[in-house]
Amino acid sequence: MKFPKGFLWGTAMAAHQIEGDNKNSDWWIWENSKKKDQKYPLEASKEACYSYYRYKEDFDLCKELNNNAVRISVEWARLEPNEGEFSQREFDHYKEVLKAAKERGLKTFVTLHHFTNPMWFSKKGDWANFKAPKLFARYAKKCAQEFGDLIDFYATINEPQVYVMMGYWNGTWPPNKRNPFLSLSTQIIMILSHRKAYKEIKSVNPNFQVGIIKHIVWYEPVDHLFKFVDYISASILNFANNELFLKPLRGTLDYIGLNYYFHTKLKFLKTKNPNDVVSDMGWWVSEKGLEEVIVNLKQYKVPIYVTENGAADAEDRIREKLLKKMITACGNAIKRGADLRGYFHWSLIDNFEWHQGFWPRFGLVEIDREHNLERKPRKSFYYYAKISKDNKI
Ligand code: BGC
């Protein structure tokens, strides 16, 4: 299966998960103020992978993977440490990072918000605050002015509905709220924030490519006598994590970044996955959902990129199989007419998996936490390097 010329092959990462010492953020504070009876986070991010200093080494690995693109994020808490006060030193730092990526022939996908907030923003009520669109758009504009075309693809927000689910619905993540009303209003505020940021970035240069990163789960009814019950619930759920959020963004999406991890089979409203292949976190690995989700995104008539897909797999048991199945699903979606232009594997290196700490290992490259965070490519790394080199599977 051959991929179109210019198809982007890359890996994806996020600042807080790899950089280390992200001290000015709400996550850092939460991680370091754990109470005795509190289950999460299992550990704190501390030095993470020290990619803040070791980014060149990481990009060398991207080059060794024969990749032509990379997805990273910049940390708002570093760039705007106090409200309205930007740090030139940090902007310069990220310019060096982006230049290092470009020097290695990598197109840059950059997320402006990947789950973490500056402390000052968090104190103001973060994304539940009606002023959030204005505050976020000001920061987005400043990024566009400073970074310019060092960024090839601007991504405003990563997985807004996951942020809301974890932070406002089940309360596992900061700001640790459980509030149905805020869960709804925060989603609306995030939609408005994307729209405003999109306009501000475009005002700097209308040619900049701006999109959002959306996780989408594929729900499917299991075949049984009363299948219609699940058919209805699957349709509602598919609509809720796709159209309900993306339709209000129409006209402010130059592309859609899709994060795909889950395919959920439903029987009488309960999950009934066959679990023939599962990751270390128990997530079922199924490629069929990916193909369906990509084809379903055709309706927005903009290019699509798979901006995350992968699995926690410390022993590298299933990663090669996953790559093969998922990338084949991408190829099939293209055959069905989807304008899919890239695939980014999550992740290049093992990293800080949020409230779970460091035990889930998502990397094509192992991070040896006992020995100076040494980077050690796993077997699947070479498998992905070949796909990327040949532009085919
Ligand atoms: C997030 C990543 C995360 C990955 C694996 C996505 O939801 O964007 O930050 O590490 O999934 O859980």
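What you see below is based on every heavy atom in this structure, not just the backbone, and it leaves out hydrogens, waters and symmetry mates. Numbering of ligands and ligand atoms starts at 1, following listing order. Position 1 is the first residue of the sequence, and the numbers go up from there.
Taking the six-membered ring where tryptophan is involved, the planes of Phe262 and Trp283 are tilted, since the angle between them lies from 30° to 60°.
For the ring-ring contact (aromatic ring centres under 6.0 Å, His included) with Tyr255, the qualifying choice from Phe208, Phe153, Tyr154 is Phe153, the only one to do so.
Taking the six-membered ring for Trp, Trp173 and Tyr163 have ring centres at least 6.0 Å apart.
If you look at ligand 1, the protein residues with a non-hydrogen atom under 4.0 Å away are Gln17, His114, Phe115, Asn158, Glu159, Asn259, Tyr261, Trp283, Glu308, Trp346, Glu353, Trp354, Phe362.
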Show me the side-chain donor-acceptor pairs of residues 238-253 shorter than 3.5 Å, one per line, residues at least two apart or across chains.
{"from": "Asn238", "atom 1": "OD1", "to": "Tyr219", "atom 2": "N", "distance (Å)": "3.0"}
{"from": "Asn238", "atom 1": "ND2", "to": "Tyr219", "atom 2": "O", "distance (Å)": "3.1"}
{"from": "Asn238", "atom 1": "ND2", "to": "Ala234", "atom 2": "O", "distance (Å)": "3.3"}
{"from": "Asn241", "atom 1": "OD1", "to": "Val217", "atom 2": "N", "distance (Å)": "2.7"}
{"from": "Asn241", "atom 1": "ND2", "to": "Leu237", "atom 2": "O", "distance (Å)": "2.6"}
{"from": "Asn242", "atom 1": "OD1", "to": "Tyr300", "atom 2": "OH", "distance (Å)": "2.8"}
{"from": "Asn242", "atom 1": "ND2", "to": "Asn296", "atom 2": "OD1", "distance (Å)": "2.7"}
{"from": "Glu243", "atom 1": "OE2", "to": "Gln299", "atom 2": "NE2", "distance (Å)": "2.8"}
{"from": "Arg250", "atom 1": "NH2", "to": "Gln299", "atom 2": "O", "distance (Å)": "3.3"}
{"from": "Thr252", "atom 1": "OG1", "to": "His194", "atom 2": "NE2", "distance (Å)": "3.4"}
{"from": "Thr252", "atom 1": "OG1", "to": "Leu249", "atom 2": "O", "distance (Å)": "2.6"}

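Both tests do not hold together for Arg319 against Tyr383: distance to the six-membered ring centre under 6.0 Å, angle to the ring axis within 45°. Figure legend: Lys142 and Phe91 shown as a cation-pi pair, the cationic atom lying under 6.0 angstrom from the six-membered ring centre and within 45 degrees of its axis.
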